[in-house]
Amino acid sequence: DQRLSVITGAMIEWAENPDVISAACAVVMNALASEEADYETVETTGLVVSVLKAMRKHPNSEYLQRCGCGALCNLLLRGSSKDNFVTKLDGLTTIAAAMKMYPGNVRLQMSGCIVISILSKLPELKDHLIEAGCVELAVAAFRLRKNAQNNHAKVIKDLAPKITSCLMKA
């Protein structure tokens with residue numbers, strides 16, 4: 001998919017500009033939600049690395065963090081390499097930092113909970129998830145959903161107890 005290659009190039013070229021990067025992350029998030037997304041292109045263009053770098057470089061941009069988490073969530077929902085995402089790219093730590101920084105952003109919390117839920121099903125990642133504070137993040141997100149009555153809050157309501165239960169098992 002040529003669009004994703006162009007976006008990756010723009011993210012590299014405009015890395016210092018959080019407004020451009022935020023817009024790029026929004027496009028990536030929406031593109032990865034599409035059934036037509038070419039995940040081989042995602043893997044080969046360095047798009048995931050670009051999103052993660054942008055999130056680390058601009059932690060004070062709430063919109064960028066929300067879109068970045070959404071993009072990474074969509075990527076994992078479509079079957080991207082989960083182990084590579086966590087261990088080699090340190091994606092979980094980046095998402096956990098965004099969740100901690102913006103505890104009131106329901107969409108960001110929902111995306112983060114989906115990522116944690118997907119990864120919590122992999123026994124080899126359990127310790128990594130616990131060390132990253134994912135149990136506490138799921139509990140905090142669950143508390144947040146009480147103040148938000150929308151579909152995002154419903155997803156959190158369903159996932160947070162499952163995450164906690166899964167990670168607390170011996």
Side-chain angles (χ1 to χ4, degrees), residues 1 3-4 6-35 37 39 42 45-80 82 85-86 89-120 129 132-160 162-164:
D1 188 336
R3 295 174 302 164
L4 296 177
V6 170
I7 293 292
T8 303
M11 290 180 78
I12 292 167
E13 185 174 337
W14 295 90
E16 299 299 320
N17 187 323
D19 294 332
V20 171
I21 298 299
S22 294
C25 279
V27 170
V28 170
M29 177 178 68
N30 291 323
L32 293 177
S34 165
E35 293 290 333
Y39 295 96
V42 171
T45 60
L47 186 59
V48 175
V49 172
S50 294
V51 169
L52 289 168
K53 281 183 179 179
M55 290 176 71
R56 289 185 200 115
K57 187 170 193 73
H58 303 288
N60 295 323
S61 174
E62 184 172 356
Y63 184 67
L64 187 151
Q65 298 300 314
R66 180 176 72 82
C67 292
C69 283
L72 298 168
C73 170
N74 289 342
L75 186 64
L76 286 178
L77 283 170
R78 300 287 184 224
S80 180
K82 294 161 186 67
F85 172 79
V86 174
L89 301 177
D90 206 20
L92 180 61
T93 304
T94 304
I95 287 178
M99 290 177 75
K100 289 174 188 169
M101 183 106 168
Y102 300 104
N105 189 312
V106 177
R107 287 185 179 190
L108 187 153
Q109 296 300 317
M110 180 196 69
S111 294
C113 281
I114 292 170
V115 169
I116 293 168
S117 176
I118 291 168
L119 298 177
S120 70
L129 289 157
C134 291
V135 173
E136 295 83 1
L137 291 170
V139 169
F142 186 74
R143 289 185 184 132
L144 165 70
R145 63 96 182 124
K146 291 179 182 177
N147 299 325
Q149 299 300 320
N150 58 31
N151 290 335
H152 305 300
K154 290 175 186 169
V155 171
I156 293 170
K157 179 183 176 189
D158 291 342
L159 288 180
K162 292 175 186 172
I163 293 167
T164 305

Gap between atom [atom2] of [Y] and atom [atom1] of [X] - 0.5 Å precision:
X    : Y    : atom1 : atom2 : value
C113 : I118 : SG    : CD1   : 11.5 Å
L52  : D90  : CG    : CG    : 8.0 Å
M29  : R107 : CE    : CZ    : 7.5 Å
T94  : R56  : OG1   : CZ    : 3.5 Å
I114 : I95  : CD1   : CD1   : 10.5 Å
E62  : N105 : CD    : CG    : 4.5 Å

Excluding sequence neighbours, so at least two apart, what forms side-chain contact (heavy atoms from CB on, under 4.5 Å) with [X]?
X    : answer
E136 : none
A23  : none
A98  : M55, Q65, C69, L108

Do you know which two heavy atoms are closest between [X] and [Y], and how far apart they sit?
X    : Y    : result
A54  : I21  : CB-CG2, 3.1 Å
C25  : M11  : SG-CE, 3.7 Å
N74  : A33  : ND2-CB, 3.5 Å
T8   : S50  : CG2-OG, 3.6 Å
A26  : Y63  : CB-OH, 3.4 Å
A141 : Q109 : CB-OE1, 3.9 Å

**Report entry** Option among V51, I12, V28 that satisfies the side-chain contact (heavy atoms from CB on, under 4.5 Å) test with I7
**Finding:** V28
Query - N/O donor-acceptor pair under 3.5 Å between H58 side chain and K53 backbone - result: no
Query - Within-4.5 Å side-chain heavy-atom neighbours: C134 and L92 - result: yes
**Report entry** Sub-4.5 Å side-chain heavy-atom contact between V115 and S111
**Finding:** no
Query - Of all pairs that satisfy side-chain hydrogen bond (donor to acceptor under 3.5 Å, both in side chains), the ones with a partner from residues 16-28, not counting sequence neighbours - result: E16-K57, S22-S61
